[in-house]
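Shown next, in structure tokens, is the structure this report addresses.
We name chains A, B, ... by the order of the sequence lines, and we start the count at 1 in each one. These numbers come from a predicted model, not from an experiment.
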There are 4 protein chains.
Amino acid sequence: MGIQERKEREKERRRQQIMVAAKRVFSDRGFNKSTMEDIAQEAELSPGTLYLYFKNKEELYASLSLRILQYLLIRVEHVNEEEDSGPEEKLKSLVDAMYDVYEFDPLIIINMFHLQSSETLKNLSPQLMSEIKELSRRSLGSIAQIFKEGVDKGIFVDRHPLALADTFWSLFSGVVLWLTSKKIIDEKKDYLKQTLDVAFEIFTRGLRKT
Amino acid sequence: MGIQERKEREKERRRQQIMVAAKRVFSDRGFNKSTMEDIAQEAELSPGTLYLYFKNKEELYASLSLRILQYLLIRVEHVNEEEDSGPEEKLKSLVDAMYDVYEFDPLIIINMFHLQSSETLKNLSPQLMSEIKELSRRSLGSIAQIFKEGVDKGIFVDRHPLALADTFWSLFSGVVLWLTSKKIIDEKKDYLKQTLDVAFEIFTRGLRKT
Amino acid sequence: MGIQERKEREKERRRQQIMVAAKRVFSDRGFNKSTMEDIAQEAELSPGTLYLYFKNKEELYASLSLRILQYLLIRVEHVNEEEDSGPEEKLKSLVDAMYDVYEFDPLIIINMFHLQSSETLKNLSPQLMSEIKELSRRSLGSIAQIFKEGVDKGIFVDRHPLALADTFWSLFSGVVLWLTSKKIIDEKKDYLKQTLDVAFEIFTRGLRKT
Amino acid sequence: MGIQERKEREKERRRQQIMVAAKRVFSDRGFNKSTMEDIAQEAELSPGTLYLYFKNKEELYASLSLRILQYLLIRVEHVNEEEDSGPEEKLKSLVDAMYDVYEFDPLIIINMFHLQSSETLKNLSPQLMSEIKELSRRSLGSIAQIFKEGVDKGIFVDRHPLALADTFWSLFSGVVLWLTSKKIIDEKKDYLKQTLDVAFEIFTRGLRKT
DNA sequence: AATGAATGAGTATTCATTCAT
DNA sequence: AATGAATGAATACTCATTCAT
């Protein structure tokens with residue numbers, strides 16, 4: 001391993017360290033209430049150091065989103081590659097994948113939502129932004145592929161696969177957001193898994209042709 | 001009409017004037033990018049005046065949410081009161097009601113989501129907060145009532161009515177949020193209504209017992 | 001005096017108050033070492049208030065320059081309007097005017113120099129910038145007019161009046177800057193008036209045709 | 001050549017390398033907008049290395065000034081050593097020398113001016129500061145010597161030679177600064193040489209006794 | 001009741017300088 | 001000697017909120 005390579009690895013480790021801290025702080029306080037100072041403290045670094053690895057606060061935040069999207073894409077593509085599964089089985093695997101993604105980082109939904117603000121996107125480097133767009137597009141496309149297979153085989157109702165993919169994703173993110181919200185308002189917990197189960201069950205039933 | 005009462009009415013009118021302005025500004029720029037100055041200007045009032053009617057920025061925002069929730073509750077209760085309708089018809093009316101609520105104020109979803117931030121809730125007066133909680137609870141309860149009827153009559157699958165209500169609400173808010181988000185990222189438009197139709201159709205199909 | 005007018009006057013007074021404080025602080029420490037906090041303190045105001053009257057630090061600084069330029073232009077035009085004076089007398093009056101301008105605000109030279117930085121001009125509002133340019137142009141034009149008269153009457157050497165005006169201004173500003181600089185390096189004082197006298201005397205002699 | 005000496009020479013070469021880079025960067029962006037990082041990059045060194053050769057940013061900047069002053073002194077003393085020239089010829093040579101100095105480093109004027117800031121001088125080592133003072137004093141003294149000769153021989157007007165030297169230097173630096181400034185404000189160019197010619201011509205004429 | 005000028009705490013970002021390697 | 005990653009103090013600017021009029 002050359003010096004160059006070792007340095008590269010060290011640098012990547014630092015980036016990860018910062019992202020882990022940022023994730024914790026952003027999760028706790030949300031984007032606007034989190035300060036770079038907070039994140040620096042959490043990472044046991046100085047504020048200045050953060051800027052050696054991320055152009056600005058927005059880009060640090062977006063980098064978190066990118067990481068989740070990457071994980072999401074990998075999982076979804078993996079589902080699509082299951083050779084022996086039919087559409088129904090793949091849909092089930094997809095639901096499992098979504099659980100995993102959520103557990104990998106519960107922030108995923110809020111991240112995705114945050115990216116909505118056009119103001120936000122102003123400070124993102126074009127490169128990072130196009131990466132995010134691309135990943136988002138590919139993930140959804142991959143999900144749509146599963147539905148297309150079901151539709152083509154006459155197993156799922158004949159609707160546009162992308163509309164089905166949007167519905168699937170909306171159902172997932174809607175439940176997560178809504179229950180996260182309720183958790184705080186009503187102080188209830190752990191209702192999430194059950195509701196997700198009910199939601200996906202009904203969705204799957206509704207999807208079947210007969 | 002006594003002087004007292006006339007004053008009260010005048011005060012309420014002012015509140016409404018401010019809320020209308022606030023809704024426009026918040027819709028445009030989102031909560032964090034909107035300044036009290038902006039809202040005051042939109043309402044053709046001075047910043048100081050806003051504080052005569054609302055304790056702070058958070059409370060002004062939450063008041064908007066409250067108004068939408070009130071409208072939501074009225075619509076949903078109205079659906080429940082339809083004497084001659086069966087569960088399927090009521091579900092259909094409910095979907096129509098959701099469209100109306102969304103058109104009454106597209107911010108509804110984002111508002112609901114904003115309330116999630118625990119930081120936010122710190123600045124809310126206990127009274128306003130309990131009103132919001134109560135309305136939220138009653139609206140959901142009223143939605144659940146529709147599902148309960150369907151379940152009881154053996155028309156809908158036998159799941160907990162509140163879980164069904166949560167799913168219904170999640171599906172609606174998820175679609176709105178997700179497509180709002182996509183609109184900006186992918187520059188597409190008007191896909192919302194179609195996707196909502198597909199989503200609710202599948203949900204309704206999935207809900208039926210056979 | 002109407003309320004509107006009184007308010008306008010009050011506002012102008014505040015602007016002046018801030019400019020006086022800014023002038024003191026900038027004189028003391030120079031542009032870069034002066035903080036808005038310093039100026040606010042000197043003006044016995046809060047930092048935020050400064051921004052109610054000036055868009056940013058650059059614009060506050062440039063406003064000082066503008067004021068001096070206005071004074072300069074008035075003085076120089078006044079010289080040009082002397083009916084009974086010949087070019088020599090006007091040149092003498094011009095020198096007196098320059099003394100006055102310097103005493104009105106010794107910062108004038110440094111201000112003019114500061115405006116040189118193209119970086120600086122980026123933050124100026126186009127309006128303020130064009131005002132400064134215009135005043136600068138007119139002042140120099142007015143000075144050139146004096147020289148033109150002398151040249152036309154065959155009293156001054158036949159050189160381009162604008163070049164003579166530039167030389168005159170350069171001599172003045174050069175002496176001020178250089179001696180200001182020396183004052184600090186060598187801790188000498190009061191040498192300025194003498195040197196300016198010598199400088200202008202030689203310039204005037206050199207200007208005469210024979 | 002001993003090892004000690006070779007090291008010394010190597011060290012001096014590095015210093016020069018840094019100063020060349022610094023001159024380029026400072027010329028481009030001015031003192032405040034230039035970062036040590038910029039200079040290090042231009043010199044193809046790391047920021048840390050700069051501090052091995054210069055105590056701080058101020059001292060690096062002042063070292064540039066010192067170098068120009070050294071060049072100035074050499075040129076001026078050379079003029080004084082012209083055996084067969086009379087005061088008028090020497091004055092002409094002096095003007096040529098000033099052109100050369102300016103071309104050697106156009107920053108000279110701005111450098112000299114920068115040293116004015118008393119804040120700046122706080123960070124200079126006493127040694128460097130006294131060197132600069134000394135060089136400045138000797139250069140001016142050498143210029144004054146030329147004027148003294150002219151005054152003594154009855155060729156130049158009878159004024160204090162040092163005052164004449166200050167005037168001469170002020171005229172030169174004033175023209176350079178003023179036209180540099182105008183170049184940016186009015187977008188004109190190449191007017192410098194002409195104006196300097198006019199300025200020095202008038203100065204020379206004004207200096208002659210009759 | 002209404003105003004709107006004033007406040008001042010809060011924060012992202014920069015960059016000269018240091019120091020472990 | 002040279003590096004360059006890390007530091008953290010410094011600062012322009014914003015904006016929710018107050019309060020004298």
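Put simply, CD on B/E59 is 14 Å from C1' on F/dT17, counting in whole angstrom units. For the pair D/I39 CD1 and E/dC15 P, the computed distance is 12 Å after rounding to whole Å. Atom CG of C/N32 and atom P of E/dA16 are 12 Å apart (whole Å). As a whole-Å value, the separation of B/K33 NZ from F/dC15 P is 9 Å. Separating the CE atom of B/M36 from the C1' atom of F/dC19 is a distance of 16 Å, rounded to the nearest angstrom. One interatomic measurement links the two molecules: CD of D/Q41 to C1' of F/dT3, which rounds to 14 Å at whole-angstrom precision. The nearest whole Å value for the distance from the CD atom in C/E37 to the C1' atom in F/dA10 is 11 Å. We find that CD of D/E58 is positioned 15 Å from P of E/dC15, with the value rounded to whole Å.
For B/E8, the side chain to side chain donor-acceptor pair (under 3.5 Å) criterion is met by no residue, not counting sequence neighbours.
Consecutive Watson-Crick or G-U pairs involving DNA chain F, each under 3.5 Å on both distances, make up stems of three or more pairs at E:2-21 with F:2-21.
The nearest pair of heavy atoms linking C/N56 to C/M36 is C-CE, 4.4 Å.
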Interface polar pairs with nucleotides 5-9 of chain E, N/O, under 3.5 angstrom:
residue, atom, partner, partner atom, Å
E/dA6, OP1, C/R14, NH1, 2.2
E/dA6, OP2, C/Y53, OH, 2.3
E/dT7, OP2, C/S46, N, 3.0
E/dT7, OP2, C/S46, OG, 3.4
E/dT7, OP2, C/T49, OG1, 2.5
E/dG8, N7, C/S46, OG, 3.3

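Relative to the six-membered ring of A/F31, A/K57 meets both conditions, a distance below 6.0 Å and an angle of at most 45° to the axis.
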Give the C-alpha distance, both sets of side-chain angles, the deciding distance and a yes or no for side chain to side chain contact (heavy atoms under 4.5 Å, CB included) between D/R24 and D/V20.
CA-CA 6 Å; D/R24 257 199 296 263; D/V20 166; 3.9 Å; yes
